[in-house]
Number of protein chains: 2
Amino acid sequence: MVTIYDIAKKANVSAMTVSRVINNTGRISEKTRMKVKRIMEEMNYVPNSMARSLVLQETKILSLLITDITNPFYTTLARGAEDAAKRCGYKLLFGNSDENLIKEKEYVDMMLTARVDGVLFAPAGDGSLEHLNTLRKHNIPLVLLDREVPGFETDMVLGDSKDGARKLVEHLISLGHKRIALINGALQVSTARHRLAGYKEALKLNDLPYDDRLVAEFGYKPFADDSSLDELLQLDDPPTAIFAANNFLAIGVIRALRARGIPVPEQISVVCFDDLGESSVIDPFLTVAAQPAYQFGALGIQLLIERIQDKSGEDYRKIILPPELIVRSSSRERS
Amino acid sequence: MVTIYDIAKKANVSAMTVSRVINNTGRISEKTRMKVKRIMEEMNYVPNSMARSLVLQETKILSLLITDITNPFYTTLARGAEDAAKRCGYKLLFGNSDENLIKEKEYVDMMLTARVDGVLFAPAGDGSLEHLNTLRKHNIPLVLLDREVPGFETDMVLGDSKDGARKLVEHLISLGHKRIALINGALQVSTARHRLAGYKEALKLNDLPYDDRLVAEFGYKPFADDSSLDELLQLDDPPTAIFAANNFLAIGVIRALRARGIPVPEQISVVCFDDLGESSVIDPFLTVAAQPAYQFGALGIQLLIERIQDKSGEDYRKIILPPELIVRSSSRERS
DNA sequence: CTGTTAGCGCTTTCAT
DNA sequence: ATGAAAGCGCTAACAG
């Protein structure tokens with residue numbers, strides 16, 4: 001492995017001079033600078049970031065923890081984060097918790113030993129509090145993404161789940177629907193609670209009763225067992241519309257309805273939070289509250305880097321990104 | 001920051017003893033081992049992987065470079081890689097080249113300075129040769145994924161593009177199609193060449209003429225400008241079926257056909273390589289040659305780690321994962 | 001079973 | 001404008 005000492009020897013200078021050339025610090029005569037540069041080229045020198053990190057006490061690595069790498073919301077977010085990080089000279093260490101606190105903890109340990117300079121964290125749920133406190137204890141700058149965790153204050157980039165949910169449900173109400181089901185994520189997750197709140201608010205604002213038999217709690221991941229949907233569909237007064245709390249839940253719902261021979265939107269309208277990815281736009285038909293996923297990542301990195309550079313810092317900032325209602329053909333007038 | 005010296009002092013032992021406890025090496029009395037462990041807990045000690053890497057000359061970091069993080073083929077592959085890497089105690093540094101050689105080079109430089117122990121590399125194209133040679137020059141173990149690069153030998157995990165293409169085209173032929181178009185990726189990419197070869201072979205085996213007006217070269221990324229499809233559709237003897245060389249091309253094709261009011265599969269059948277992701281299975285209708293994406297990642301990591309652990313190694317291994325023909329409703333008998 | 005020494009590749013500080 | 005020495009946190013090699 002070529003080190004600055006190898007370069008130094010060949011150039012008849014000290015290692016320090018080489019270091020200065022690499023980092024463009026201090027005063028160096030143009031002549032030696034050129035010579036050193038040439039020799040670095042010749043010898044294929046590549047700086048060793050480990051050694052550098054050890055002395056500088058910074059790694060230039062940020063970590064991004066998401067909960068589902070197969071979900072287009074998170075992959076788009078990841079792109080935003082990646083682009084922003086690279087632009088600022090940071091590497092990005094990915095982690096995928098799979099909505100699972102055990103895996104999440106493993107990643108937190110990984111971040112600690114890797115001495116990442118900061119963490120972009122989409123928590124698996126309220127149980128992530130412990131992990132966040134661990135990071136905080138080790139003084140690692142932290143930005144929460146998409147979900148908040150009660151009892152933990154920090155910089156955050158969030159969507160407006162309540163508002164988006166309210167808009168989706170009011171859209172359905174405006175189409176004449178009165179029996180609207182909510183297929184929700186786990187209430188352990190802040191967005192699920194806020195989407196429920198938005199759902200309730202829309203009902204109340206429109207003088208519709210809240211019927212808890214119309215509300216089911218799943219998880220945000222693709223689900224296989226849809227048997228519990230039957231209870232809901234077999235009510236005396238079954239729903240004419242379903243609000244799925246995220247894209248994967250919507251897919252599960254639509255599949256389940258298809259399997260039961262229930263046409264969408266003819267018999268039941270379906271709307272959901274989060275758009276589907278590029279790959280599903282063959283037939284863009286889902287009415288959604290789309291979130292600016294790329295921005296989540298990009299702004300998150302920006303907040304994080306600002307926090308790293310000014311650790312003292314002002315108060316925590318909370319960025320709320322509004323969702324956009326996109327009406328397509330999966331929702332229509334109640335028949 | 002807590003170091004082994006802080007622990008050592010508090011435990012009245014030497015730093016070496018602490019190191020031995022951490023790494024479970026050498027002989028240590030159960031008593032001191034316990035004492036040291038307890039103190040590490042108390043002080044929230046976390047080993048510094050930078051320091052460790054510097055002396056051990058290994059980082060326990062692998063790098064995964066893919067060409068499109070929004071494509072479900074690659075995200076599924078990434079999951080396979082991630083799971084396998086974590087199981088073996090490695091971290092995974094992600095990179096997304098976007099099918100772009102400039103970005104790819106930046107990632108290669110990043111891998112070099114980060115001193116990753118090995119690289120899982122899905123090359124952007126034949127032009128990646130230079131980057132691969134750079135990695136090789138620095139003795140970094142390397143596994144090629146999904147695509148090969150002429151002139152570069154190494155371990156690889158590939159699909160069987162030619163065979164899959166042949167099967168898809170023969171499927172169309174068996175449905176009575178005689179005018180079959182190929183919308184291909186860039187010929188700079190090995191899989192595009194192999195898919196073309198499979199396409200030609202199927203035609204030849206069935207005594208159908210090869211007509212280069214039926215073949216168009218796009219790129220594997222989602223495309224916006226579909227005007228060049230018009231030439232193809234406005235031929236005197238237009239295609240009755242289209243073979244898209246990957247999932248995103250198929251989506252582009254179907255969108256373009258929809259925009260022109262051409263019904264699929266009634267007027268034109270469409271088939272493609274690679275399945276769409278979970279998020280598009282709302283209406284699973286594309287006939288595809290599906291590849292075991294998860295396996296690509298998992299086996300790639302396995303080969304890579306074996307290579308790292310036994311650098312001398314045997315000859316390079318080439319794993320070929322066969323695609324599976326899944327017939328759905330986007331292809332039907334020629335009308 | 002435990003400790004001492006040296007050094008991984010780099011940069012900071014202080015000289016010159 | 002350049003260099004020497006020391007040290008970041010850790011472990012291999014050798015001592016005892």
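Below, read A as the first sequence line, B as the second, and so on, with proteins coming before strands; counting in each chain starts at 1.
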Residue pair [X] / [Y], side-chain donor-acceptor N/O under 3.5 Å:
| X | Y | value |
| --- | --- | --- |
| A:Thr191 | A:Tyr220 | yes |
| B:Tyr74 | B:Asp146 | yes |
| B:Asp68 | B:Thr70 | yes |
| A:Tyr45 | A:Asp6 | no |
| A:Thr154 | A:Arg136 | yes |

Give each protein N/O atom lying under 3.5 Å from an N/O atom of nucleotides 14-16 of chain D, with the pair distance.
none

salt_bridge(B:Glu58, B:Lys91) N-O dist < 4.0 Å
no

Identify whether any heavy atom of [X] sits under 4.0 Å from a base atom; if not, whether one sits that close to sugar-phosphate; answer base, sugar-phosphate or nothing.
| X | answer |
| --- | --- |
| A:Leu56 | sugar-phosphate |
| A:Thr32 | sugar-phosphate |
| A:Met1 | sugar-phosphate |
| A:Ile28 | sugar-phosphate |

Please list, in numerical order, the residues of residues 33-49 of chain A that have a heavy atom closer than 4.0 Å to any atom of DNA chain C.
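Heavy-atom cutoff 4.0 Å gives A:Tyr45, A:Pro47, A:Asn48.
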
Nucleotide nearest B:Thr17 (side chain, heavy atoms from C-beta), chosen from C:dC8, C:dG3, C:dT11
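The listed nucleotide nearest to B:Thr17's side chain is C:dG3.
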
Please tell me which of B:Leu54 and B:Tyr5 maps to the more 5' nucleotide of DNA chain C, matching each residue to the nucleotide holding its nearest heavy atom.
B:Tyr5

Rounding to an integer number of Å, can you tell me how far B:Arg27 CZ sits from C:dT2 C1'?
12 Å

B:Asn24 CG to C:dC1 C1', straight-line distance once rounded to whole Å:
15 Å

